[in-house]
Participant: 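Have a look at the structure that comes next, please.
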Amino acid sequence: MSELAKQYNPAEVEDKTYQWWESNGFFHASINPDKTPHTIVIPPPNITGILHMGHILNNTLQDVFTRWKRMQGFEACWIPGTDHAGIATQNVVEKALRKEGTTLRDLGREKFVERVWEWRTLYGGTINTQLRKLGVSCDWERERFTMDEGLSNAVKEVFVQLYDKGLIYKGKYIVNWCPREQTALSDDEVNPVESKGHLWYIKYQIEKSEEYIVVATTRPETLLGDTAVAVNPKDERYKDLIGKNAIVPIANRVIPIVADDFVDPTFGTGAVKVTPAHDPNDYQTGIRLNLPQMIVMDTSAKMNNIVPPKYQGLDRYECRRELLRDLEKLQLLVKTDDHVHNVGHCYRCDTVIEPYLSDQWFVKMKPLAEPALKAVQDGTIKFYPDRFTKTYEHWMTNIRDWCISRQLWWGHRVPAYYLPDGSIIVARNIHEAGEKLKAKGSQYKKEDLKQDDDVLDTWFSSWLWPFSVHDWPKETDDLKYFYPTDVLVTAPDIIFFWVARMIMAGLEFKGEVPFRHVYFTSLIRDASGRKMSKSLGNSPDPLDVIATYGADALRFTVLFIAPVGQDVLYDNDKCEIGRNFANKIWNAGRFLMMHRDFLTVDNEQLTIINPNNSEDLTDQWIISRFSSTVKEVTAAMDNFRVNDAVKLLYEFLWKDFCDWYVEFVKNRMQETSDVHLKRAIITRALTIYEETLKLLHPFMPFVTEEIFQHLSDRKNNETIMRCTMPQTAQTESRINPDIEKQMEFLQNVITAVRQIRSEMNIPMSKAIDFVASCNEFEKQAILENNKSALQKLLRLDIMTIGIAVPKPGYAASSVVNGQEIFIPLKGLIDTGIERDRLQKEIDRLEGQLRGVMAKLNNDSFVNKAAAEIIEKEKNKQQNFEQTIQKLKTNLEQLVG
RNA sequence: GGACGUUUAGCUCAGUUGGUUCAGAGCGUUCGCCUCACACGCGAAAGGUCGUAGGUUCAAGUCCUACAACGUCCACCA
């Protein structure tokens with residue numbers, strides 16, 4: 001143990017430690033009436049997923065919250081799991097099938113679903129294996145999957161409940177249809193691609209007149225399904241036409257000319273053809289104005305038998321060409337402009353999406369949204385950063401019904417059953433459907449029922465996640481204890497898909513919000529600010545990074561550079577921050593342990609010391625600093641300011657503890673030969689250090705555990721992750737501003753002398769003399785009491801400390817908190833450098849003084865500013881003047 | 001087009017309610033050090049008119065207005 005490596009080696013520590021934690025059940029949470037639960041459910045990653053930088057930040061945060069609360073004495077439970085990810089997973093397996101030369105249609109539904117399950121068993125857990133590398137303390141015994149039996153039950157239950165309440169309905173709706181995949185896609189599964197197209201201007205004759213109205217369209221083939229022409233009601237040009245009829249060219253149907261606000265008079269001709277069955281905007285217009293919907297294509301985007309025979313069976317683009325030719329012949333095509341616009345493409349196969357009117361299942365969202373909106377507005381649920389509340393409000397007040405059916409095979413099958421007469425029975429399973437049939441006294445039997453072919457949107461299972469993981473609708477003890485959860489950590493881009501819907505589901509089915517705090521993580525970008533993506537290849541593999549720098553380094557770095565609500569520019573090099581810090585922690589521990597072990601060789605019993613009871617200034621100071629660190633870090637964590645917490649700890653451990661405190665400890669250890677005193681000193685330092693390790697543990701679990709084990713030679717499986725976190729309530733009283741002021745003076749003196757050394761080019765190998773001419777007894781005493789530390793740290797020879805000590809000749813000088821410091825230079829310096837140095841300091845202070853004087857000479861300032869502010873300025877004036885005077889005198893002497 | 005966010009040192013960012021020597025940190029750069037925990041380290045230095053223009057105030061990096069640049073989300077207009 002005394003032979004600890006000079007550098008911390010994460011590779012030797014991490015896997016071993018993780019296995020030890022996991023096999024000892026340290027991550028496991030169970031119902032404990034004596035403790036308050038603290039629950040987090042993981043945003044379940046896709047089973048097709050592999051770890052990327054976004055996961056790193058997200059899961060590190062969840063782990064930090066969980067470990068922090070666990071050490072604060074909560075029953076901290078972090079539930080992991082994965083999402084079945086309907087389309088993504090079906091895609092992956094389909095691809096594999098294609099390689100084998102087969103397709104899902106060949107296989108048939110049942111076999112295909114079996115194949116997906118097989119795939120899931122083999123590869124679906126990859127991401128969880130990867131997450132372990134990060135050190136996450138999830139309760140793996142509670143791992144769930146959105147297609148588990150329990151979760152499937154929840155999905156069915158919810159479907160039935162909502163259906164019975166009239167909140168789920170089947171209806172025609174315009175959806176994003178992929179003609180190739182033969183499925184509806186959600187909006188987020190459609191990639192808008194900027195494309196060069198055309199805008200065609202087409203004449204529609206006004207009924208019973210020789211007049212025409214010209215409409216502009218990018219999709220002329222849909223005119224066969226037009227059921228109106230719309231203009232803006234305020235558009236003077238068309239005012240007279242409103243209420244009249246137009247004739248659809250080619251189809252020769254009569255359609256009304258209507259007025260609707262959505263029409264932009266400045267675009268095109270200001271007149272729009274309306275095709276409710278083939279355009280989302282037109283669909284909305286059609287609903288508003290009660291227009292008929294004419295479907296003119298089949299599901300493969302070929303023209304159907306509603307259109308004139310000439311075009312039947314043509315592909316939409318062939319039809320477009322034909323139609324344009326015909327319009328031209330009829331001289332109905334006025335002109336053709338180039339036009340750039342966004343066209344939706346299928347994210348899987350890149351086929352152009354066809355807005356298509358089809359039978360789908362929907363959830364009525366308005367009744368669910370209202371209480372969910374209120375929960376956020378009244379503060380029951382808080383968002384971090386707060387500004388996402390506005391985004392949420394906007395969406396919730398403009399919510400549209402949710403299309404939940406997907407034409408896929410992998411997913412929760414819609415629990416609706418059809419009878420030969422077309423009627424629908426919604427039930428949790430076929431048996432229940434049969435029962436319902438019987439209850440109705442229907443002529444049909446269970447065998448006549450045929451289940452809906454569609455599956456449900458993946459989010460339809462994820463929105464239940466916070467309670468379905470506890471086997472709701474069963475009222476399990478776990479559900480009672482661990483629900484609602486405390487924090488949700490997620491990315492802001494799924495605020496609508498997931499966060500909002502979970503809130504709705506929680507309130508609807510549990511009558512209680514699913515979580516109280518929502519922490520939205522930063523978006524990780526590459527060093528030049530680009531979004532990380534697979535296609536750009538700019539996303540580093542976190543496992544490589546962990547292998548190179550260590551998991552702690554990655555975790556710490558990501559937290560260090562990721563403030564709340566701001567994007568993060570990430571680069572692998574930045575992990576040096578975390579790696580170096582881990583190494584610093586390691587070496588501080590190594591140093592202290594070396595001393596301790598040296599002292600215990602005599603095998604005497606260790607003197608019990610009270611770490612809070614020391615006469616030594618630096619001891620009192622570090623205790624005070626430690627106590628404020630506890631307070632500030634705790635406050636930061638309470639407010640979800642993780643980034644602040646991390647920076648405070650970095651600052652404390654590195655600057656206060658290592659750079660100052662340990663340096664003083666070194667000297668004190670050297671200064672005395674009293675073993676008991678030595679022991680007291682080192683034990684005190686170790687106590688502070690160990691408490692600091694606890695504070696650091698949630699952020700850097702591995703290195704802190706490793707040192708913790710070495711620190712105490714623990715025999716009985718004691719882990720730092722189950723220790724009690726230092727608490728503000730216990731440490732707050734030890735914050736001592738007076739001690740911190742005293743120490744600050746000492747530090748300033750040391751820095752001043754170092755500055756002289758550095759600028760005068762006096763190497764540490766050369767001892768120097770030191771004269772302190774004080775004008776305050778208290779400051780003199782501080783220097784006296786720490787004489788040996790000054791001597792050691794500054795490599796001093798003769799020291800003279802007193803009140804109004806005469807200035808030595810030829811000395812560099814500095815004024816520190818009103819006290820004069822001289823370093824006699826015995827001719828080994830260039831007086832020019834010292835002159836410049838002093839002059840520069842005088843200039844700086846005179847600048848400050850001018851600022852102060854400007855205020856004090858300003859009547860309105862003196863009349864209007866608060867008295868204490870004026871007092872402060874006067875004090876400043878005095879300090880500046882006195883210091884400048886001293887510096888000037890020194891400067892003159894130097895010249896003389 | 002709508003909503004929101006960002007703009008402070010070469011780079012990445014802190015700066016909480018206007019007033020503490022408030023203009024800061026880290027990285028990078030420069031200089032000096034292998035000082036018996038750590039060169040993944042120690043000590044020191046240089047570097048900024050706080051996006052622009054107004055306004056409020058005794059006092060503005062901080063509050064207000066407009067503008068500019070960049071970014072995110074939503075609607076993405078036939």
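Throughout, protein chains are lettered first and strands after them, A, B, ... in sequence-line order, and every chain is numbered starting at 1. Quantities reported herein were computed from a predicted structural model and do not represent experimental measurements.
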Participant: Taking CD1 from Ile681(A) and P from rA37(B), how many angstroms apart are they, rounded to a whole number?
Facilitator: 15 Å

Participant: Kindly write out the residues that satisfy side chain to side chain contact (heavy atoms under 4.5 Å, CB included) with Ile869(A), not counting sequence neighbours, or none if the list is empty.
Facilitator: Phe861(A), Ala866(A)

Participant: Within the structure shown, what part of the strands sits under 4.0 Å from Phe880(A) by heavy-atom distance: base, sugar-phosphate, or nothing?
Facilitator: base

Participant: Between Leu845(A) and Leu199(A), name the one whose nearest nucleotide on RNA chain B is closer to the 5' end.
Facilitator: Leu845(A)

Participant: Over all strands shown, is Leu569(A) touching base, sugar-phosphate only, or nothing at heavy-atom distances under 4.0 angstrom?
Facilitator: sugar-phosphate

Participant: Please enumerate all residues that pass side chain to side chain contact (heavy atoms under 4.5 Å, CB included) together with Asn587(A), with sequence neighbours excluded.
Facilitator: Asn583(A), Arg590(A)

Participant: Could you give all pairs that pass the side-chain hydrogen bond (donor to acceptor under 3.5 Å, both in side chains) test and reach residues 652-663 of chain A, with sequence neighbours left out?
Facilitator: Asp619(A)-Tyr661(A), Arg625(A)-Asp656(A), Glu663(A)-Lys666(A)

Participant: Just how far, in rounded Å, is P of rC4(B) from CZ of Phe520(A)?
Facilitator: 17 Å

Participant: Apply side chain to side chain donor-acceptor pair (under 3.5 Å) to Asp644(A) and list each qualifying residue two or more places apart in sequence or on a separate chain.
Facilitator: Arg641(A)

Participant: Between Asp226(A) and Ala228(A), is there a donor-acceptor pair closer than 3.5 Å when you use the side chain of the first and the backbone of the second?
Facilitator: no

Participant: Please report the distance separating the C1' of rU17(B) from the corresponding atom of rU35(B), rounded so that it comes out in whole Å.
Facilitator: 46 Å

Participant: Could you check how far CG of Leu796(A) sits from P of rU35(B), rounded to whole Å?
Facilitator: 19 Å

Participant: Please determine whether a side-chain nitrogen of the Lys or Arg among Lys390(A) and Glu393(A) lies less than 4.0 Å from a carboxylate oxygen of the Asp or Glu.
Facilitator: no

Participant: Expressed in whole Å, how much space separates the P atoms belonging to rU62(B) and rC76(B)?
Facilitator: 39 Å

Participant: Could you tell me how far rG15(B) sits from rG5(B) if I compare only their P atoms? Round to whole Å.
Facilitator: 15 Å

Participant: Does a side-chain N or O from Gln848(A) land closer than 4.0 Å to OP1 or OP2 of rA23(B), or not?
Facilitator: yes

Participant: Could you give me the CA-CA distance, side-chain angles and deciding distance for Tyr650(A) and Phe581(A), then say whether ring pair (Phe, Tyr, Trp, His ring centres under 6.0 Å) is met?
Facilitator: CA-CA 8 Å; Tyr650(A) 184 83; Phe581(A) 187 49; 4.9 Å; yes

Participant: Report the C-alpha separation of Ile622(A) and Phe664(A) in whole Å, then their side-chain angles, then the decisive distance to 0.1 Å, and conclude whether the side chain to side chain contact (heavy atoms under 4.5 Å, CB included) test is met.
Facilitator: CA-CA 11 Å; Ile622(A) 198 68; Phe664(A) 278 93; over 6 Å; no

Participant: Is there a donor-acceptor pair closer than 3.5 Å between any side-chain N or O of Ser758(A) and the backbone N or O of Gln755(A)?
Facilitator: no

Participant: Can you check the Arg387(A) CZ to rG71(B) C1' distance for me, whole Å?
Facilitator: 11 Å

Participant: What residues, two or more places apart in sequence or in another chain, satisfy side chain to side chain donor-acceptor pair (under 3.5 Å) together with Gln839(A)?
Facilitator: Asp843(A)

Participant: Rounding to the closest angstrom, what is the interatomic distance between rU52(B) and rA60(B) at atom P?
Facilitator: 16 Å

Participant: Donor-acceptor pairs under 3.5 angstrom involving side-chain atoms of residues 552-559 of chain A: please list them, not counting sequence neighbours.
Facilitator:
unit_1	atom_1	unit_2	atom_2	d
Asp552(A)	OD1	Phe702(A)	N	3.2
Asp552(A)	OD2	Phe702(A)	N	3.3
Asp552(A)	OD2	Val703(A)	N	2.6
Arg555(A)	NE	Phe699(A)	O	3.1
Arg555(A)	NH1	Asp63(A)	OD2	2.8
Arg555(A)	NH1	Leu134(A)	O	3.0
Arg555(A)	NH2	Asp63(A)	OD2	2.8
Arg555(A)	NH2	Pro698(A)	O	2.8
Thr557(A)	OG1	Ala553(A)	O	2.6
Thr557(A)	OG1	Gly578(A)	N	3.1

Participant: Give each stem of RNA chain B as a range with a range, requiring at least 3 consecutive Watson-Crick or G-U wobble pairs whose two distances are under 3.5 Å.
Facilitator: B:1-7 with B:68-74, B:10-13 with B:24-27, B:29-33 with B:41-45, B:51-55 with B:63-67

Participant: Give me the residues of residues 270-282 of chain A where at least one heavy atom lies under 4.0 Å from an atom of RNA chain B, by number, or none.
Facilitator: Val272(A), Asn281(A)

Participant: Ignoring the backbone of Thr218(A), work out which of rA78(B), rG71(B), rC73(B) is nearest its side chain.
Facilitator: rA78(B)

Participant: Restricting to side chain to side chain contact (heavy atoms under 4.5 Å, CB included), what partner residues turn up for Thr336(A), sequence neighbours left out?
Facilitator: His198(A), Trp200(A), Leu333(A)

Participant: With Lys647(A) as the cation and Phe560(A) as the aromatic partner, state whether NZ or CZ is under 6.0 Å from the six-membered ring centre and within 45° of the axis.
Facilitator: yes

Participant: Quickly work out the Asn639(A) CG to rU16(B) P distance and round it to whole Å.
Facilitator: 15 Å

Participant: Taking only Lys NZ, Arg NE, NH1 and NH2, and the carboxylate oxygens of Asp or Glu, determine whether Arg316(A) and Glu221(A) approach each other closer than 4.0 Å.
Facilitator: no

Participant: For rC42(B) versus rG28(B), give the span between their P atoms, rounded off to a whole number of Å.
Facilitator: 12 Å

Participant: Distance between the C1' atoms of rU29(B) and rC11(B), in whole angstroms?
Facilitator: 12 Å

Participant: Under 4.0 Å, heavy atoms only, any strand: does Arg844(A) hit a base, just the sugar-phosphate, or nothing?
Facilitator: base

Participant: How does protein reach along nucleotides 38-50 of chain B, written 5' to 3' as B (base within reach of a heavy atom under 4.0 Å), S (only sugar-phosphate), or - (no contact)?
Facilitator: BSBSSBSSS----

Participant: Within the 4.0 Å heavy-atom criterion, would you say Arg641(A) contacts the bases, only the backbone, or no part of the nucleic acid?
Facilitator: sugar-phosphate

Participant: Is there a donor-acceptor contact under 3.5 Å from the side chain of His345(A) to the main chain of Val343(A)?
Facilitator: yes

Participant: What integer number of Å spans the C1' atoms of rA9(B) and rA46(B)?
Facilitator: 11 Å

Participant: Rounded to the Å, how far apart are Met764(A) CE and rU35(B) P?
Facilitator: 11 Å

Participant: For Phe383(A) and rG5(B), what is the distance between atoms CZ and P respectively, to the nearest whole Å?
Facilitator: 16 Å

Participant: Identify whether any heavy atom of Val662(A) sits under 4.0 Å from a base atom; if not, whether one sits that close to sugar-phosphate; answer base, sugar-phosphate or nothing.
Facilitator: base

Participant: Using atom CZ of Phe560(A) as one end and atom P of rC13(B) as the other, report the distance to the nearest whole Å.
Facilitator: 13 Å

Participant: Below 3.5 Å between N/O atoms, which protein atoms pair up with nucleotides 54-60 of chain B? Just atom names and distances, please.
Facilitator:
unit_1	atom_1	unit_2	atom_2	d
rC58(B)	OP1	Lys864(A)	NZ	2.5
rC58(B)	O4'	Ser860(A)	O	3.4
rC58(B)	O2'	Asn858(A)	ND2	3.4

Participant: Going by side chain to side chain contact (heavy atoms under 4.5 Å, CB included), name the residues that satisfy it together with Phe496(A), two or more places apart in sequence or in a different chain.
Facilitator: Thr391(A), Trp395(A)

